[in-house]
Each structure stands twice: as structure tokens, then as C-alpha cells.
Amino acid sequence: MTEDMTLPICVLVATGGTIAMKIDPLRKVPVPALSGEDLLAAVPGISELARLEVNDFSNLPSDHMGPDNWALLSRTVDAALQRTDVAGVIVSHGTDTLEEAAWFLDLTLASEKPVVLAGAQRNASTPDFDGPRNLMNAVRVCLAPEAKGKGVMVVMNNQIHAARDVTKTHTSEVESFKSGDFGFLGSVDQDRVVFSRSPLRRQHVALRGKALPPVEIVPMYGGASGAMLNAAVVQGAGGIVVQALGLGNVNVPMFEAIESAIRQGIAVVVSTRVPNGRVAPVYGFVGGGSTLKAAGAVFADNLSPQKARILLMLALQENPDPHFLQTLFDR
């Protein structure tokens with residue numbers, strides 16, 4: 001079939017994940033198997049929407065992705081976006097860390113062109129493989145005029161999510177990705193793409209150096225000793241995100257470990273294990289939010305621990321001052 005040169009160009013950056021996996025006939029388990037071209041070949045009619053250029057960036061389970069991969073991915077996507085003939089970029093990605101990759105790209109990319117991440121909860125060997133539908137919808141969103149200026153989006157199960165808000169909420173169901181209290185941005189209906197809101201809490205934090213500072217996440221739970229936070233300090237963490245309780249509270253041993261880390265010049269950001277809502281310096285008992293604030297901790301607003309970690313890594317490239325960091329987290 002002759003390619004229609006009048007169609008807009010979208011670049012597909014294929015990174016791997018379940019969407020690119022099939023069942024290995026010998027081991028009987030899903031493993032990386034499909035290229036970007038293979039993915040597109042499984043989507044009937046997708047070539048009628050756009051001219052799709054494939055960049056086989058990697059073929060990794062998203063569990064193996066991390067800051068170095070995200071930084072290279074950001075530069076790869078940015079290079080595509082800078083081309084005047086490219087309408088937008090689609091990234092196929094595993095769902096386990098999809099929300100982290102989306103948030104990293106949202107923070108580091110400055111283009112107003114659409115960037116859409118899509119994955120699959122089912123591998124390509126299953127009869128109800130959801131990858132083709134998600135890819136088709138990603139292209140449709142990428143081409144929608146209303147998608148410009150919305151930042152990085154995640155398109156799964158006919159729903160459009162903002163990078164800041166989206167999170168995986170179920171291990172295996174296709175209705176897994178949710179956007180908390182504020183809901184998704186819009187939907188991909190059979191006849192058109194419908195946007196119902198725009199993400200307002202967006203910011204740009206440029207990539208500065210080749211290596212991002214190491215930032216660890218330490219969980220708080222009943223009876224936590226603070227030993228894991230102390231170990232993170234010993235191992236050379238440049239920053240620490242505490243997955244605190246409730247509004248942002250910890251017990252006495254964890255509070256003492258946080259105080260010690262801050263005295264050593266390590267940035268400590270307080271998030272929460274609660275899925276929805278902000279953290280805030282409210283309670284006055286030792287380890288309560290107000291005492292953490294007084295000790296110099298930064299509060300992550302409504303960012304999950306994994307997203308707070310990403311913003312902290314990027315922010316530490318510029319300035320480790322707690323007041324500067326708090327300004328970024330409050331945006």
C-alpha cells in the first residue's frame with residue numbers, strides 16, 4: 001500500500017513492557033518479543049490516521065526502567081518533537097512504571113506538542129490483548145487539536161490521564177489507571193476524542209547533567225525503626241522521600257532519623273501512603289507534620305512517593321535549599 005504523504009507524522013518510541021511481550025512456547029511465560037513495527041502491524045487501520053515513524057528505543061519490562069533510561073527517553077522524545085514535520089510522539093511503555101516515566105517526561109519536556117504514553121495489561125498472546133486499542137487511541141489523541149498544551153498524557157482503556165495525577169491501581173485489570181480525586185482529562189469515544197478538563201499544575205524542570213542524584217524512598221509504618229532511612233544516608237542518598245502516614249506523620253524513631261539526615265544536609269521530602277489528598281504540617285506531636293516542617297522537611301503536596309522522588313531528583317540538580325524545593329512542590 002502506498003503511504004499517504006498528506007497524513008501527519010507521529011513518532012512511536014517503543015520501550016517494551018507487556019504490550020511488547022508474547023508467551024514463550026518453551027517457558028510458557030510472557031517475555032519481550034515485539035518491535036515497534038510489530039506493534040503497529042497488529043493495529044488495523046492505524047496507518048490511515050497518520051504516518052508513523054518507529055524508534056525502537058528499547059524492549060525492556062518497565063520494572064527495569066529507571067532515571068538513566070528516562071533521561072535518555074526524554075532527550076529522544078524531545079529530538080522528535082523539535083522536528084517541524086512531527087505532530088506529536090507516542091511512547092509504548094510497560095505499565096508498572098508507566099506513571100513515573102510519564103511524570104518524568106512531563107517535567108522535562110517543554111514542547112506544546114502532544115506526548116502520549118500507552119501500554120497494555122494483557123500480553124500479545126492473549127485473546128483479549130488490549131495493546132492495539134490503546135495504541136490506536138494514543139494516535140487519535142496525539143492528533144486531536146485539543147491535545148496541544150496538555151502536557152504528557154497516558155491513554156489506557158479509552159481514558160486520557162494527566163501525567164501528574166495518573167496511577168496504576170490494579171495489578172491486572174484493564175481498568176487499572178485512575179486519576180484520583182480530579183479524574184481523567186477526557187475520553188476516546190468511538191466517533192471522537194473528548195477533553196473535559198486541562199491539567200493546570202504543570203512545570204518545567206530542565207535536565208542539567210548526565211547523572212541524576214540518587215534519591216531513595218523510605219516507608220513509614222507502625223513500629224518503624226528509622227533504620228532504613230539511616231541506611232539510605234550511609235549509602236550516599238542525595239535526597240530521601242518518606243512515605244509517611246496520613247497527612248504526613250511519622251513516629252519518634254523515624255522523626256529522629258529524619259532530623260539527623262537534614263542536619264547532614266540531605267533533603268527530606270514527606271509524602272504519604274494514602275492514595276488521595278495532600279500532606280500538610282498539621283499535627284504537633286513529635287513526628288507530626290508541624291514538627292517535621294520545623295526540622296526542615298519539605299512537603300510533597302499531593303504527589304505520590306514515586307512521583308515526589310522524580311521531582312526531587314530533578315530539583316536537586318538546581319538547588320538543594322528546602323525553601324526552593326518547597327516552592328517547586330507547591331506549584
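If you're wondering where the values come from, they're calculated on a predicted model, not measured in any experiment.
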Next on the checklist: For a quick test of reading the model, state the closest non-hydrogen atom pair linking Met220 to Arg273 and the distance between them.
Outcome noted: O-NH1, 4.0 Å
Item to check | Aromatic ring pairing His161/Phe184, orientation class (parallel under 30°, perpendicular over 60°, tilted between) | outcome: perpendicular
Checklist outcome for this item: Note: Glu175 and Lys178 closest approach over all heavy atoms is OE2-NZ, 3.0 Å
Item to check | Shortest non-hydrogen contact between Lys150 and Ser198, atoms and distance | outcome: CE-OG, 3.3 Å
Checklist outcome for this item: For Pro8 and Ala87, the nearest pair of non-hydrogen atoms, with its separation, is CB-CB, 4.2 Å
Next on the checklist: Between Ser260 and Glu256 (side chain of the first, backbone of the second, donor and acceptor by atom type, cut-off under 3.5 Å), is there such a pair?
Outcome noted: no
Next on the checklist: Apply side chain to side chain contact (heavy atoms under 4.5 Å, CB included) to residues Val279 and Leu247 and explain how you reach the verdict.
Outcome noted: CA-CA 4 Å; Val279 288; Leu247 274 166; 5.7 Å; no
Checklist entry - Do you know which two heavy atoms are closest between Gln326 and Ala297, and how far apart they sit? => result OE1-O, 4.4 Å
Item to check | Residue Lys22 excluded, over 12 heavy atoms near NZ under 6.0 Å | outcome: no
Item to check | Phe195 atom CZ, neighbour heavy-atom count above 12 within 6.0 Å | outcome: yes
Next on the checklist: Is any side-chain heavy atom of Val116 closer than 4.5 Å to one of Val91?
Outcome noted: no
Checklist entry - Taking atom CE of Met65 and atom OG of Ser58, what is their separation to the nearest 0.5 Å? => result 4.5 Å
Checklist entry - With a cut-off of under 6.0 Å to the ring centre and 45° to the axis, is Lys293 in cation-pi contact with Phe299? => result no
Next on the checklist: Any non-hydrogen side-chain atom of Glu53 less than 4.5 Å from a side-chain atom of Arg83?
Outcome noted: yes
Checklist entry - Would you say Val155 and Val188 make side-chain contact, with heavy atoms under 4.5 Å? => result yes
Checklist entry - Where the side chain of Gln121 meets the backbone of Glu173, is there a donor-acceptor pair that is under 3.5 Å apart? => result yes
Checklist entry - Hey, are the side chains of Val215 and Val241 touching, using non-hydrogen atoms and a 4.5 Å cut-off? => result yes
Item to check | Phe255 to Leu292 - nearest heavy-atom pair and separation | outcome: CD1-CD2, 3.6 Å
Next on the checklist: I'd like to know if the side chain of Thr95 pairs up with that of Lys168 as donor and acceptor (distance under 3.5 Å, no hydrogens or angles considered).
Outcome noted: yes
Next on the checklist: Under a 3.5 Å distance rule, please check whether Arg122 uses its side chain to pair with a backbone N or O of Ser172 as donor and acceptor.
Outcome noted: yes
Item to check | Name of the residue among Thr108, Leu107, Asp78 meeting side-chain contact (heavy atoms from CB on, under 4.5 Å) with Leu207 | outcome: Thr108
